[in-house]
Protein chains: 2
Amino acid sequence: MDSSQLLKGVLDLAVLAVLKERDGYGYDVVRRLREAGLDEVGDASVYGTLRRLFKAGALTSYVVASDEGPHRKYYGLNDVGRGMYASSARTWAEFSATMASLLKEAE
Amino acid sequence: MDSSQLLKGVLDLAVLAVLKERDGYGYDVVRRLREAGLDEVGDASVYGTLRRLFKAGALTSYVVASDEGPHRKYYGLNDVGRGMYASSARTWAEFSATMASLLKEAE
DNA sequence: TGCCACTATTACGCAAAGCGCAGTAGTGTG
DNA sequence: CACACTACTGCGCTTTGCGTAATAGTGGCA
């Protein structure tokens with residue numbers, strides 16, 4: 001199974017999770033996701049997800065100048081984003097529990 | 001989060017899991033998945049998955065006449081399918097563990 | 001000076017896959 | 001004869017992750 005397909009529908013949640021810890025900019029979010037174990041995530045996917053979540057009203061955004069490269073566009077969760085995180089995390093927990101029991105039956 | 005997106009990349013594994021228990025035909029697989037908790041799975045998705053897995057050489061297929069409706073096209077796992085199941089299940093386990101730790105950090 | 005390498009973002013288009021819906025068809029019930 | 005349930009197929013839509021290219025700033029090295 002191509003693990004990239006597994007990200008469908010979950011990358012939003014993963015991005016919300018790292019931003020819930022603390023604000024971050026695109027490049028930083030990519031690094032943190034990869035360090036967390038999602039080492040195959042593409043940078044374009046993360047940038048796209050950030051834009052999508054921002055457009056959906058879940059994120060705040062502010063630009064910060066950097067002394068070691070170009071400017072950085074930081075993103076952070078607002079109330080909508082925190083609500084989205086909570087409900088997505090719950091949905092994910094239920095779904096993964098369902099899959100776990102399904103796989104256990106097939107053993 | 002739309003839980004239908006979560007199925008992407010996982011429906012294959014779910015179908016392989018129910019067929020690993022015992023052979024089944026499309027309509028039957030749909031029912032068993034829904035009973036297992038994947039109540040939102042669409043029938044067209046399952047039929048498509050069965051065809052795709054069969055085309056990929058993971059399934060055997062045989063038609064059985066039914067006395068309570070049209071004929072039934074049964075599917076079962078062959079060696080390729082069992083191998084696919086094993087590797088997909090392992091990939092899924094690793095992925096869900098990664099997500100679990102990511103969500104735990106964000107608490 | 002010129003050439004990389006790293007940081008950082010955006011835009012374009014592709015491909016996979018689940019789903020809605022329509023269509024076909026067999027069986028049994030009122 | 002209309003309807004409901006079973007059972008399968010095909011078409012087109014949408015979402016979404018990804019590959020690739022383009023743009024741009026900074027710093028190191030020969």
Side-chain angles (χ1 to χ4, degrees), chain A residues 1-16 23-34 38-56 58-59 61-75 84 88 91-92 95 99, chain B residues 1-16 23-34 38-56 58-59 61-75 84 88 91-92 95 99:
Chain A
M1 174 162 44
D2 181 3
S3 93
S4 81
Q5 284 298 318
L6 294 178
L7 277 177
K8 301 262 179 191
V10 184
L11 186 54
D12 283 27
L13 174 58
V15 166
L16 289 171
D23 289 6
Y25 53 97
Y27 215 74
D28 174 53
V29 172
V30 172
R31 263 193 308 241
R32 282 156 70 187
L33 288 175
R34 288 185 178 154
L38 301 177
D39 40 315
E40 289 179 44
V41 68
D43 56 341
S45 306
V46 174
Y47 283 112
T49 299
L50 287 170
R51 272 183 297 224
R52 190 153 31 80
L53 289 174
F54 178 72
K55 202 176 166 190
L59 303 181
S61 176
Y62 50 96
V63 173
V64 176
S66 166
D67 47 343
E68 51 182 29
H71 69 279
R72 294 166 171 170
K73 194 182 281 185
Y74 275 78
Y75 292 96
M84 197 180 288
S88 291
T91 302
W92 165 257
F95 181 81
M99 284 302 296
Chain B
M1 174 163 41
D2 180 5
S3 96
S4 81
Q5 285 297 319
L6 292 178
L7 277 177
K8 302 259 180 192
V10 183
L11 186 55
D12 282 27
L13 175 57
V15 167
L16 289 171
D23 289 7
Y25 52 97
Y27 214 75
D28 174 53
V29 172
V30 172
R31 263 194 306 241
R32 282 157 70 188
L33 287 175
R34 288 185 178 154
L38 301 177
D39 40 315
E40 290 179 45
V41 69
D43 56 341
S45 306
V46 174
Y47 283 112
T49 299
L50 287 170
R51 273 180 294 212
R52 192 154 30 80
L53 289 174
F54 178 72
K55 202 177 166 191
L59 302 181
S61 177
Y62 49 95
V63 173
V64 176
S66 166
D67 46 344
E68 51 183 28
H71 70 279
R72 294 168 171 169
K73 196 183 281 185
Y74 275 78
Y75 292 96
M84 197 180 289
S88 291
T91 302
W92 164 257
F95 181 81
M99 284 302 297

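In the text below, chain A, chain B and the rest are named by the order of the sequence lines, each starting its count at 1.
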Subject >> Pairing residues for A:Y27 by the side-chain contact (heavy atoms from CB on, under 4.5 Å) criterion, not counting sequence neighbours >> reply: A:Y25, A:R31, A:Y47
Subject >> B:T49: partners by side-chain contact (heavy atoms from CB on, under 4.5 Å), with sequence neighbours left out >> reply: B:L11, B:D12, B:V15, B:R52, B:L53
Report yes if a side-chain nitrogen or oxygen of [X] is closer than 4.0 Å to either non-bridging phosphate oxygen (OP1 or OP2) of [N]; otherwise report no.
X	N	value
B:R72	C:dG26	no
A:Y47	C:dT9	yes
B:Y25	D:dC8	no
B:R31	D:dC5	no

Subject >> Minimum-distance pair of heavy atoms, taken over all atoms of A:G9 and B:Q5 >> reply: CA-CB, 3.6 Å
**OP:** Search all heavy atoms of B:V63 against all heavy atoms of B:K73 and return the closest pair with its distance.
**Re:** CG2-CG, 4.2 Å
Distance, rounded to the nearest Å, where [X] contributes [atom1] and [N] contributes [atom2]:
X	N	atom1	atom2	value
B:Y27	C:dG26	OH	P	17 Å
B:R51	C:dG18	CZ	P	12 Å
B:L6	C:dA17	CG	P	16 Å
B:L53	C:dG18	CG	C1'	14 Å
B:D28	D:dC5	CG	C1'	15 Å
B:R34	D:dA7	CZ	C1'	13 Å
A:L50	D:dT16	CG	C1'	14 Å
B:L59	D:dC8	CG	C1'	16 Å

Original post:
Quick one: ring pair (Phe, Tyr, Trp, His ring centres under 6.0 Å) partners of A:Y62, sequence neighbours excluded?
Top reply: A:Y74
Subject >> Contacts of A:D43 that satisfy side-chain hydrogen bond (donor to acceptor under 3.5 Å, both in side chains) - sequence neighbours left out >> reply: none
Original post:
With B:D28, which residues qualify under salt bridge (Lys or Arg N to Asp or Glu O under 4.0 Å), at least two apart?
Top reply: B:R32
**OP:** For each nucleotide in nucleotides 17-26 of chain D, reading 5' to 3', give B when a protein heavy atom comes within less than 4.0 Å of its base, S when such contact involves only the sugar-phosphate, and - otherwise.
**Re:** SBBB---BBS
